[in-house]
Amino acid sequence: GAVVSQHPSRVICKSGTSVKIECRSLDFQATTMFWYRQFPKQSLMLMATSNEGSKATYEQGVEKDKFLINHASLTLSTLTVTSAHPEDSSFYICSAPRDSSSTDTQYFGPGTRLTVL
Amino acid sequence: GQSLEQPSEVTAVEGAIVQINCTYQTSGFYGLSWYQQHDGGAPTFLSYNALDGLEETGRFSSFLSRSDSYGYLLLQELQMKDSASYFCAVRDEDGGFKTIFGAGTRLFVKA
């Protein structure tokens with residue numbers, strides 16, 4: 001199956017710093033990628049849709065200036081958490097549809113666990 | 001708006017069969033997906049039903065009834081490694097690329 005990688009897998013940072021998370025599709029091109037946040041024992045909450053070559057689409061309530069998304073190529077999307085605070089601590093997961101015309105099958109990255117001290 | 005409902009927890013014993021139900025409410029429906037997620041890991045795709053009926057993939061099967069806005073995931077010959085969270089999901093009702101996930105069902109498999 002399709003492989004999506006994420007880096008780093010785990011990051012601990014001080015409050016006020018910025019953290020960049022990379023999401024790569026390894027064996028297919030992804031014009032669209034999705035960024036989710038998941039708190040313990042909760043469901044996946046979509047934060048934004050990353051579109052190659054254009055601006056990301058953010059879900060209601062997600063601050064676009066705080067969560068910067070860049071989809072620089074057909075295989076790479078990055079999420080930067082700017083001026084991170086303890087409440088941003090969460091599990092961040094990216095995904096990409098194998099088939100750009102249908103997102104019913106999503107392939108997920110392994111996730112990044114962010115801890116902000 | 002869209003909503004998906006599934007039980008929060010299910011417990012079963014090894015070797016048993018368990019069914020995880022999912023009811024959904026959405027004005028535009030394209031199909032129902034199921035994902036498995038182990039603690040600390042990422043979700044993995046299990047199955048997708050666009051049409052009514054049962055889809056079988058090894059020990060896992062998924063069923064859909066569009067008229068009842070209902071589906072289920074059936075896990076047979078349960079193994080300890082099946083202990084995980086299971087999410088049903090639908091595509092955004094606008095037909096866009098967004099996927100909406102249910103709250104998830106935590107399955108505990110006991111020896």
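In what follows, chains carry the letters A, B, and so on, assigned in the order in which the sequence lines appear, proteins first and then strands, with residues in each chain numbered from 1.
Your options are A:Q38, A:M45, A:R113, and the one with the most heavy-atom pairs under 4.5 Å with chain B is A:Q38. Chain A forms the most heavy-atom pairs under 4.5 Å with one residue out of B:S8, B:G104, B:A50, B:G102, and that residue is B:G102. Chain B forms more heavy-atom pairs under 4.5 Å with one residue of A:P40, A:S9, A:S43, A:S95 than with any other, namely A:S43.
Relative orientation of the A:F108 and A:Y36 rings is tilted, given thresholds of 30° and 60° on the angle between their planes.
Only the side chain of B:F87 comes within contact range of chain A, judged by heavy atoms closer than 4.5 Å. When heavy atoms are compared at a cutoff of 4.5 Å, A:L44 approaches chain B by way of both its backbone and its side chain.
Ring centroids of A:F67 and A:Y58 are separated by 6.0 Å or more, keeping the two rings apart. A centroid separation of less than 6.0 Å is found between the aromatic rings of B:Y72 and B:F63.
The backbone N or O of A:R24 sits nowhere less than 3.5 Å from a side-chain atom of A:H7 that would complete a donor-acceptor pair. Judged purely by atom type and a 3.5 angstrom limit, B:T105 uses its side chain to pair as donor or acceptor with the backbone of B:P7.
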